[in-house]
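First the structure, in the form of structure tokens, and then the observations on it.
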Amino acid sequence: MNEELFERAQRSIPGGVNSPVRAFGSVGGTPRFLVRAAGPYVVDSEGAEYVDLVASWGPAILGHAHPEVVRAVQRAAEQGLSFGASTPAETELAELIIERVAAAGTRPVERVRLVSTGTEATMTAIRLARGATGRDLLVKFSGHYHGHSDALLAEAGSGVATLALPGSAGVPAAVAANTLVLPYNDVAAVEAAFAEHGDSIAAVILEAAAANMGVVPPAPGFNAEVHRIAREHGALVILDEVLTGFRVGGAGWWGLENSDGAEYTPDLFTFGKVVGGGMPLAALGGRAEVMELLAPRGPVYQAGTLSGNPVAVAAGLTTLRLADDAVYSHLDATADRIADAVSAALSLEGVAHGIQRAGSLFSVVFGDAPAPTDYAAVKRQEAWRYPPFFHAMLRQGVSLPPSVYEAWFVTAAHDDAALQRIDAALPHAARAAAEAVAPE
Ligand SMILES: *Cc1c(COP(=O)(O)O)cnc(C)c1O
């Protein structure tokens, strides 16, 4: 069935998928066509059930189809799918975001705008930064992914890494020329870029902790240094928490790093994934002074027919309200448990590897090089060990991200039964990784 569905999909949809990584390009084989999901499990078109460590790339933090989220969505849908007008609930969600992104007595998000995708959130944040500073240049880091808008596709991690593309065709050279791409975790490179172009740089955008080239956490102090340097030169900082926000903790990665006192304060944040609870919803937020430059208050235009969609808002609100400290503790403990089990199984088979962590996000890096701190190092790993590992897990009913350059996601619904299934699958998968043959 999966096979036939994929054949058929390719006749009407480019590559048979609506987002490239789903095509299994980097692991080979036929993607599973999913028909339903509940808790930690997904079920494919052939009725096979898998323990899921993709979690829709993050949103399913409570587990799939959490009954309370589903009920909230149903109730909202009954009242109307979309109005194209303001609703009371969207203000509640904005207020909740403002309240949650707090650490050491500070609340850096003073205003929020809801959009439909993370790509829109980062795109708008950049336009805002350019509008606020009157400058054009943007600094990003190699291997960081911020969605698929033109300015942000340069050396953008997983999706493009998986396809082995440097960027994307169709991006005008003039647009790419406004993006400076720097090596991650390299303060000297940031200093040098600002020394040369400081007066023209509108903003630095960075993932709060990089998790789209596999997981590569910022070196201690790196995020704070980036803020310090940008500030010195009058540039803004956009902290992209589309993936990490409300996932690694209630106040995101920023909250984890600043819990003992605000070491750095981004001008703008972007959120997505968890904030929509599985529905198309994302957000940007930040300092009132900057956010109020958005239309209709200010001169920076942004709009959306489905922005603040009531059904999506219901899913996001309910998800955030249910994501309490107990949920985050469970995610951390579950990530520890799985990461340890993966590591033990690989070690037993003599497979050199490392586990990369950022809060409850983790990924495996193959080979015996030291823990990579940037994209170039990540790409030097023995990536060819992953496809056989991935497929051995899949055959035994565990669904991992179909690329070594993606983070693994746990949920509050991963219980002992789910973890035992993962444990049971690991020995074979580790053996497959050990027996993998390097390409010529
Ligand atoms: C997923 C992601 C995006 C893009 O979000 P979409 O909703 O897929 O457009 C942007 N930034 C980061 C860090 C992401 O992980």
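Residues: numbered from 1 along the sequence shown. When a ligand or atom number is given, it counts from 1 through the structure's own listing order.
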Taking heavy atoms and a distance under 4.0 Å, where does Asp240 meet ligand 1: side chain, backbone, both or neither?
-> side chain
Report yes if some N/O of His148 lies less than 3.5 Å from some N/O of ligand 1; otherwise report no.
-> no
Of all the atoms in ligand 1, which lie at a distance below 4.0 Å from a heavy atom belonging to Gly147?
-> 3 (C), 4 (C), 10 (C)
Which residue supplies the protein heavy atom nearest to atom 7 (O) of ligand 1, what is that atom called, and how far is it?
-> Gly118 N, 2.8 Å
May I ask you to identify, for Lys273, whether its side chain, its backbone, both or neither come under 4.0 Å of ligand 1 on a heavy-atom basis?
-> side chain
For atom CD of Gln10, decide whether the heavy atoms of other residues, nucleotides or ligands shown that lie under 6.0 angstrom number more than 12.
-> yes
For atom CZ of Phe83, is the number of surrounding heavy atoms from other residues, nucleotides or ligands below 6.0 Å larger than 12?
-> yes
Under 3.5 Å, is there a donor-acceptor pair linking the side chains of His227 and Thr265?
-> no
Taking only heavy atoms of Glu207 into account, list the atoms of ligand 1 that are under 4.0 Å away from them.
-> 13 (C)
Ion pair present between Glu92 and Arg321, side-chain N to carboxylate O less than 4.0 angstrom?
-> yes
Report the C-alpha separation of Glu191 and Arg228 in whole Å, then their side-chain angles, then the decisive distance to 0.1 Å, and conclude whether the salt bridge (charged side-chain N to carboxylate O under 4.0 Å, His left out) test is met.
-> CA-CA 10 Å; Glu191 295 272 21; Arg228 181 186 62 73; 3.2 Å; yes
Is there a donor-acceptor contact under 3.5 Å from the side chain of Asp136 to the main chain of Ser200?
-> no
Charged N-O contact under 4.0 Å between Asp267 and Arg231 | yes
Show which atoms of ligand 1 fall inside a sub-4.0 Å distance from at least one heavy-atom site of Thr117.
-> 7 (O), 9 (O)
Can you check whether His146 has an N/O within less than 3.5 Å of an N/O in ligand 1?
-> no
Considering only protein heavy atoms, which is closest to atom 3 (C) of ligand 1, and at what distance to one decimal place?
-> Val242 CG1, 3.6 Å
Ignoring hydrogens, tell whether any protein atom lies closer than 4.0 Å to atom 9 (O) of ligand 1; use the non-hydrogen atoms only.
-> yes
Say whether Asn212, considering both its backbone and side-chain N or O atoms, lies within less than 3.5 Å of an N or O atom on ligand 1.
-> yes
Can a donor-acceptor pair be found between the side chains of Gln302 and Arg113 at a distance below 3.5 Å?
-> yes
